[in-house]
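Structure record follows, encoded as structure tokens.
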Amino acid sequence: MLINLNLILLSILLLVIALISIYVYSRYRKICNIQRIKELSYDFETVNSILAEGKKILIFAPHQDDEALMCAGVISHALNNHAEVKIGVITNGDKKGRKIGLTRMKETIKAMECLGLDRKNITFFGYGSTEMDIKTSFMYRLFHAETETTVISSNVGSETYSIPDSSEYHYHKFGVHGSYSRSTLRQDLELFIKEQKPDHIFAASLYDIHPDHFILYQFIVDAIINIKRSDHTFSPELHEYVIHSHDGDDYWPLRNLNNNSLIPFSKPATFDSATLLDWEKREIFTVPIDMQSVALSKNKKHIAISKYRSQRPSGNKNYLYSYVKRDEIFWKKDFSNIAFLASVSASSENSESDQLGCKVIDGISDGYPRFPNNEWVSLGETSGAWIQLDWSQAYSVSKIVLYDRPNLKDNILSATLTFSDGTMIDTGPLPNNGSSYEILFAPKTINWVKLTVNKASGENVGLSEFEVYQASEFQS
Ligand SMILES: [Ca+2]
Ligand SMILES: [Ca+2]
């Protein structure tokens, strides 16, 4: 009897030891797996270097939800790293009426709270919003209004507004609602950006097909350049993101498959034909681990997007949730370009079609046919045409980037850069499609540079952009 009892106790003891061993082993495997996944799959190097502690991050959203669709990961990473995050929501998303606009503002606040961003870091600007049709686009009509002060009406009114307990930026600054004119938006944007003095600005791309998006990009670029002209030290990096690609929302972003691992954003089929961006040069921001969960009910970005209830995130074949991806992607623009501080003269310019010499320093390196008013076009000139940048002070420079007119007829085949110190550099043919042509050289101290065309094809030679960069202080 005693032997039997000892045997039973021994068996129970062995069983307990076996169960504990299995438990410890499974925990150990799980920890090892997590560590292996972290080591192998999650590269946060780019993200952490940009969204670093103390950096000022400013995110512009054309409509309420854009801040989460392509920047939820950015916001979360930045907050984790103790960077400063501010969000500016420009339109009220009120194409279907004022009531829905007010609802959408509250949805942004809820979604951002999910990411840990305090309400006080969200600013509503209170401008109008429209469907994608360019002719009726509020931002497009504002940008192309007859004068700076011409007032444009949206679907619901002609002045800025916000939710009752939180005034919009213009009212907050001036005590009155701002009338919808180009000068009012310019004033609001410049004042806001000056106040924030961001190191990094995130904004919808020039190549996003929604007019409210790509026009806002142009307003923001104008604002940055204007600020830089009065404060030369202001050199933020602009990171542009695409929400609505030329593929159309039915096709891009690719919808996520159930029970599958999250995929990265794929290249839109129309990307190379519709944009001058280089897919291979995109910045890849891997989203934080809590946004990588395939169990979407636990995925932090999925949860944040679910707060935009008025946009029916579960409807439309899960369109909005298709922005829950393994990464968020951007293209970087560097505003340390000192050409913005120069005055421009040219051998001739087409003033009738607003294709002036100064368009080589407007921050937009594109032209006809997509953006005809953002390039310099000479009046019937080829070889012999010239354009010159003059500064009121001398700079030590070591890099120039030139952009040919993007049309395939007009092309600079060779040119000479002449510098104020008497030196010269010959260029080869510029890429005909308007992509960048970079010239690096030993630092030279100059106060003007002139590009003279030696040989060209086409009838009206020109440039879409002319960038000049200072030598790094470590160069000699
Ligand atoms: Ca330009
Ligand atoms: Ca060309």
Side-chain angles (χ1 to χ4, degrees), residues 143-144 203 205-207 214-226 228-229 238 240 272-278 331-390 399-415 427-439 449 451-469:
F143 194 69
H144 293 282
S205 170
L206 183 67
Y207 297 104
F214 74 78
I215 295 290
L216 176 60
Y217 177 91
Q218 297 183 72
F219 270 115
I220 290 170
V221 166
D222 282 353
I224 296 171
I225 294 173
N226 267 338
K228 189 176 176 70
R229 282 175 182 153
L238 176 63
E240 59 185 279
D272 288 339
S273 59
T275 86
L276 276 181
L277 299 173
D278 184 342
W331 284 266
K332 187 170 76 177
K333 187 169 185 67
D334 183 352
F335 281 87
S336 63
N337 167 20
I338 58 160
F340 295 137
L341 310 177
S343 58
V344 183
S345 49
S347 51
S348 67
E349 60 187 12
N350 192 337
S351 49
E352 201 173 311
S353 55
D354 195 27
Q355 294 169 309
L356 309 172
C358 62
K359 299 301 177 88
V360 299
I361 57 165
D362 67 0
I364 306 283
S365 46
D366 204 342
Y368 176 83
R370 284 177 290 257
F371 297 98
N373 301 130
N374 293 100
E375 62 178 345
W376 162 58
V377 178
S378 68
L379 272 180
E381 287 187 280
T382 51
S383 57
W386 59 264
I387 190 156
Q388 180 168 333
L389 306 181
D390 280 89
K399 183 169 97 172
I400 285 179
V401 188
L402 301 170
Y403 300 80
D404 197 42
R405 293 189 63 197
N407 81 71
L408 297 180
K409 193 172 161 194
D410 298 291
N411 186 207
I412 294 175
L413 299 172
S414 77
T427 77
L430 307 190
N432 198 5
N433 70 351
S435 56
S436 61
Y437 179 85
E438 191 173 282
I439 305 154
V449 57
L451 179 93
T452 308
V453 178
N454 301 323
K455 194 176 170 201
S457 62
E459 293 167 0
N460 302 286
V461 80
L463 287 177
S464 73
E465 202 73 358
F466 190 156
E467 297 172 349
V468 183
Y469 293 91

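In each ligand, atom 1 is the first atom listed, and ligand 1 is the first ligand listed. Heads up: numbering here begins at 1 and tracks the sequence.
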- Stepwise, does the side-chain contact (heavy atoms from CB on, under 4.5 Å) test hold for Tyr469 with Ile338? CA-CA 6 Å; Tyr469 293 91; Ile338 58 160; over 6 Å; no
- Hey, does Leu276 have a side-chain heavy atom less than 4.5 Å from the side chain of Arg370? yes
- Item | Exercise: do Gln355 and Ser353 side chains pair donor with acceptor under 3.5 Å | yes
- Message: Restricting to N/O/S atoms, is Tyr403 within less than 3.0 Å of the Ca ion (ligand 1) or not?
- Response: no
- Task: Would you name the N/O/S atom of Asp362 that lies closest to the Ca ion (ligand 1)?
- Result: OD1
- Are more than 12 heavy atoms from other residues, nucleotides or ligands located less than 6.0 Å from atom CD of Glu438? yes
- Query: Does any N, O or S atom in Ile364 come within less than 3.0 Å of the Ca ion (ligand 1)?
  - Reply: yes
- Metal site angle (apex the Ca ion (ligand 2)), OD2 from Asp404 and O from Arg405, 10 degrees: 90°
- Strictly under 3.0 Å, is any N, O or S atom of Asn374 next to the Ca ion (ligand 1)? yes
- Short side-chain donor-acceptor distance under 3.5 Å, Asn411 and Asp404: yes
- Indicate if the distance from the Ca ion (ligand 1) to the nearest N, O or S atom of Asp366 falls below 3.0 Å. no
- In this structure, the Ca ion (ligand 2) sits at the vertex of an angle between O of Asn432 and O of Asp410 that rounds to 10° as 160°
- Message: Is it the case that over 12 heavy atoms from other parts of the model lie below 6.0 angstrom from the CZ atom of Phe371?
- Response: yes
- Check Glu465 and report its N/O/S atom nearest to the Ca ion (ligand 1), by atom name. OE1
- Partner of Glu240 by side chain to side chain donor-acceptor pair (under 3.5 Å), out of Tyr217, Tyr207, Trp331: Tyr217
- Task: Report yes or no: does Val360 have an N/O/S atom closer than 3.0 Å to the Ca ion (ligand 1)?
- Result: no
- Would you say Asn407 reaches the Ca ion (ligand 2) with an N/O/S atom under 3.0 Å? yes
